[in-house]
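Written below as structure tokens is the structure these notes are about.
Side-chain atoms are counted along with the backbone in the values below, which use heavy atoms only and exclude waters and symmetry mates.
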Amino acid sequence: MASRALTPFQLVAFLFVALLATCHAGSIAIYWGQNDGEASLAETCASGNYEFVILAFLPRFGKGQTPQLDLASHCDPSSGGCRSQSKDINSCQSRGVKVLLSIGGADGSYGLTSPGDASQVAMYLWNNFLGGTSSSRPLGDAILNGIDFDIEQGGAKFWNNLATDLKKLGKNGGKAVLLSAAPQCPFPDEWDGGAISTGLFDYVWVQFYNNQECQFDAGRDAFMGAWNKWVSVPAGKIFLGLPASSSKDAAGTGFIPTSELISRVLPLIKGSPKYGGVMLWSKYYDDRSGYSSAIKSYV
């Protein structure tokens with residue numbers, strides 16, 4: 001049977017489908033917990049905008065310290081007040097949203113002094129937030145999906161040990177532990193680089209803000225140079241990390257207007273096999289800007 005030539009309409013349709021096939025649908029990750037006046041955790045997940053919600057932060061741990069959770073005015077962990085978040089966490093997970101705890105942050109007192117210290121911190125995280133058991137779980141009985149490494153101080157050593165120990169605890173305990181990291185865009189990251197190189201991280205949301213040498217307004221070559229380095233790391237999916245608002249309280253530099261993100265930035269990176277989507281800092285600023293709602297259909 002003789003083959004028939006495609007009509008112009010069929011050719012355009014075929015090319016459009018082929019183009020879509022080369023792109024990778026992404027999702028949005030959001031940090032929650034550090035600002036008064038942001039939506040509750042349950043409301044955040046009910047919006048339908050996010051696949052990942054990262055609780056910020058556990059800013060005190062390691063070096064022999066008693067770990068301390070800080071969720072701003074959302075709850076007081078010292079009085080057991082954050083256990084009420086368990087219901088909201090379960091609500092999020094019932095909607096398919098993965099909830100992770102971020103350790104570290106820009107402020108705090110944390111660090112690891114040895115592989116043994118890393119092992120102790122891993123056990124604490126497992127028993128108090130993940131699949132283990134403890135009488136003093138700060139967030140109640142809810143089992144989080146994983147741990148986010150937002151390491152910005154405290155030394156660069158032994159984070160690889162912590163990642164390895166967490167994955168082992170999950171495997172041995174029958175409850176997988178997702179690992180994510182939030183490095184700065186200059187490559188390699190001063191703090192998270194060693195941990196990410198283990199190949200154990202499922203998600204890496206790179207902070208392409210407050211780093212003028214590699215954020216988008218540094219120019220296409222500088223931005224893509226950094227992006228291509230990050231998609232080369234042995235991790236699952238790479239996310240473009242951005243502030244959700246032009247407010248200088250959200251980030252000093254690096255904000256990209258939604259129209260520019262959609263028309264100029266996402267087309268550059270969505271073809272990457274490891275493209276995962278966009279990470280936003282934070283829910284408080286997203287509530288005021290509507291950033292995630294504006295970009296959700298395009299990510």
What's the verdict on ring-ring contact (aromatic ring centres under 6.0 Å, His included) for Phe208 and Phe223, showing C-alpha distance, side-chain angles and the deciding distance? CA-CA 8 Å; Phe208 279 89; Phe223 171 74; 5.2 Å; yes

Step-by-step side-chain contact (heavy atoms from CB on, under 4.5 Å) determination, Leu69 to Cys82: CA-CA 9 Å; Leu69 180 69; Cys82 293; 4.2 Å; yes

Are the side chain of Gln34 and the backbone of Ala56 linked by a donor-acceptor contact shorter than 3.5 Å? yes

Please report the interatomic distance CG(Leu41) to OG(Ser91), rounded to the nearest 0.5 Å. 8.0 Å

Sidechain-backbone polar pair: Asn161 side chain, Ala118 backbone, donor-acceptor under 3.5 Å: no

Do Leu130 and Lys175 come within less than 4.5 Å of each other through their side chains, counting heavy atoms only? no

For Arg220 against Leu268, the heavy-atom pair lying closest together: CZ-CD2, 3.4 Å

Less than 4.5 Å apart, any side-chain heavy atom of Leu144 and any of Leu55? yes

Polar side-chain atom of Arg288 near backbone of Ala244 as donor-acceptor pair, under 3.5 Å: no

Within the side chain of Ser86, is there an N or O that forms a donor-acceptor pair under 3.5 Å with the backbone of Arg83? no

Nearest heavy-atom neighbours spanning Ala226 and Cys214: CB-CB, 3.7 Å

Under the ring pair (Phe, Tyr, Trp, His ring centres under 6.0 Å) test, residues paired with Tyr203 that sit two or more places apart: Phe52, Trp205

Nearest-0.5 Å distance, CG of residue Asn160 to CG of residue Leu200: 9.0 Å

The reported gap from OG in Ser84 to CG in Asp76 (rounded to nearest 0.5 angstrom) is 10.5 Å

When every non-hydrogen atom of Asp202 is compared with those of Leu178, the smallest separation belongs to OD2-CA, 3.3 Å

d(Asp88 CG, Trp32 CH2) to nearest 0.5 Å is 7.0 Å

Side-chain donor or acceptor of Gln212 paired with backbone N/O of Ala218 under 3.5 Å: no

Do Asp286 and Ser292 get their side chains close enough for a donor-acceptor pair, meaning under 3.5 Å? yes

For the pair Gln68 (side chain) and Ser109 (backbone), establish whether a donor and an acceptor sit closer than 3.5 Å, ignoring hydrogens and angles. no

Non-hydrogen side-chain atoms of Val204 and Lys274 separated by less than 4.5 Å: no

Any side-chain heavy atom of Leu179 sitting closer than 4.5 Å to one from Phe201? yes

If you define the side chain from C-beta out and look only at heavy atoms, does anything of Leu139 sit under 4.5 Å from Phe129? yes

Report yes or no: does Glu152 contribute a side-chain atom to a donor-acceptor pair with the main-chain N or O of Asp107 at less than 3.5 Å? no

Apply salt bridge (charged side-chain N to carboxylate O under 4.0 Å, His left out) to Lys296 and list each qualifying residue two or more places apart in sequence or on a separate chain. none

Check whether Ile151 and Ile196 end up in the same hydrophobic cluster, where Ile, Leu, Val, Met, Phe, Trp and Tyr are linked by side-chain heavy atoms less than 4.5 Å apart. yes

For residues Ile30 and Ser282, report the shortest heavy-atom separation together with the two atoms involved. CD1-C, 3.7 Å

Residue pairs fulfilling ring pair (Phe, Tyr, Trp, His ring centres under 6.0 Å) with at least one residue in residues 91-115, sequence neighbours excluded: Phe61-Tyr110

Passing option when Tyr291 is tested against Trp281, Tyr298, Phe255, Tyr50 for ring pair (Phe, Tyr, Trp, His ring centres under 6.0 Å): Phe255

Disulfide (SG to SG under 2.5 Å) pairs touching residues 270-299, sequence neighbours excluded, are none

Heavy-atom closest pair, residues Ser27 and Phe239: O-CE2, 3.5 Å

With sequence neighbours excluded, residues passing ring pair (Phe, Tyr, Trp, His ring centres under 6.0 Å) with Phe187: Trp230

Within the distance-only criterion (no hydrogens, no angle test), does the side chain of Tyr275 pair as donor or acceptor with the backbone N or O of Leu266 below 3.5 angstrom? no

Determine whether Leu169 and Val177 satisfy the following criterion, side-chain contact (heavy atoms from CB on, under 4.5 Å), listing intermediate values before the conclusion. CA-CA 8 Å; Leu169 285 167; Val177 176; 5.7 Å; no

Within the 4.5 Å heavy-atom criterion, are Leu71 and Pro77 side-chain neighbours or not? no

Please test Tyr285 against Asn35 for side-chain contact (heavy atoms from CB on, under 4.5 Å), starting from the C-alpha separation and ending with a verdict. CA-CA 9 Å; Tyr285 299 106; Asn35 291 91; 4.0 Å; yes

N-O pairing of Asp117 and Lys157 below 4.0 Å: no

For the pair Leu240 and Lys270, evaluate side-chain contact (heavy atoms from CB on, under 4.5 Å) and give the outcome as yes or no after the intermediate values. CA-CA 10 Å; Leu240 173 67; Lys270 287 187 69 174; over 6 Å; no

Contact between Val121 and Ile103 at the side-chain level, heavy atoms closer than 4.5 Å - yes or no? no

Just wondering, are more than 12 heavy atoms of other shown residues or ligands nearer than 6.0 Å to CG in Asp221? no

Around atom NZ of Lys63, are there more than 12 heavy atoms from other residues, nucleotides or ligands closer than 6.0 Å? yes

So do Tyr284 and Asp249 actually touch side chain to side chain, heavy atoms under 4.5 Å? no

With a 3.5 Å distance limit and no angle check, can you tell me whether Lys98 reaches the backbone of Cys92 through a side-chain donor-acceptor pair? no

Please report the interatomic distance CG(Asp165) to CG(Asn172), rounded to the nearest 0.5 Å. 10.5 Å

With distance as the sole test, does Asp189 use its side chain to make a donor-acceptor pair with the main-chain N or O of Gln184 at under 3.5 Å? yes

For a quick test of reading the model, state the closest non-hydrogen atom pair linking Gly254 to Pro243 and the distance between them. O-CD, 3.9 Å

Contacts of type salt bridge (charged side-chain N to carboxylate O under 4.0 Å, His left out), residue Arg95, not counting sequence neighbours: none

Asp148 side, atom CG; Leu101 side, atom CG - distance, nearest 0.5 Å: 8.5 Å

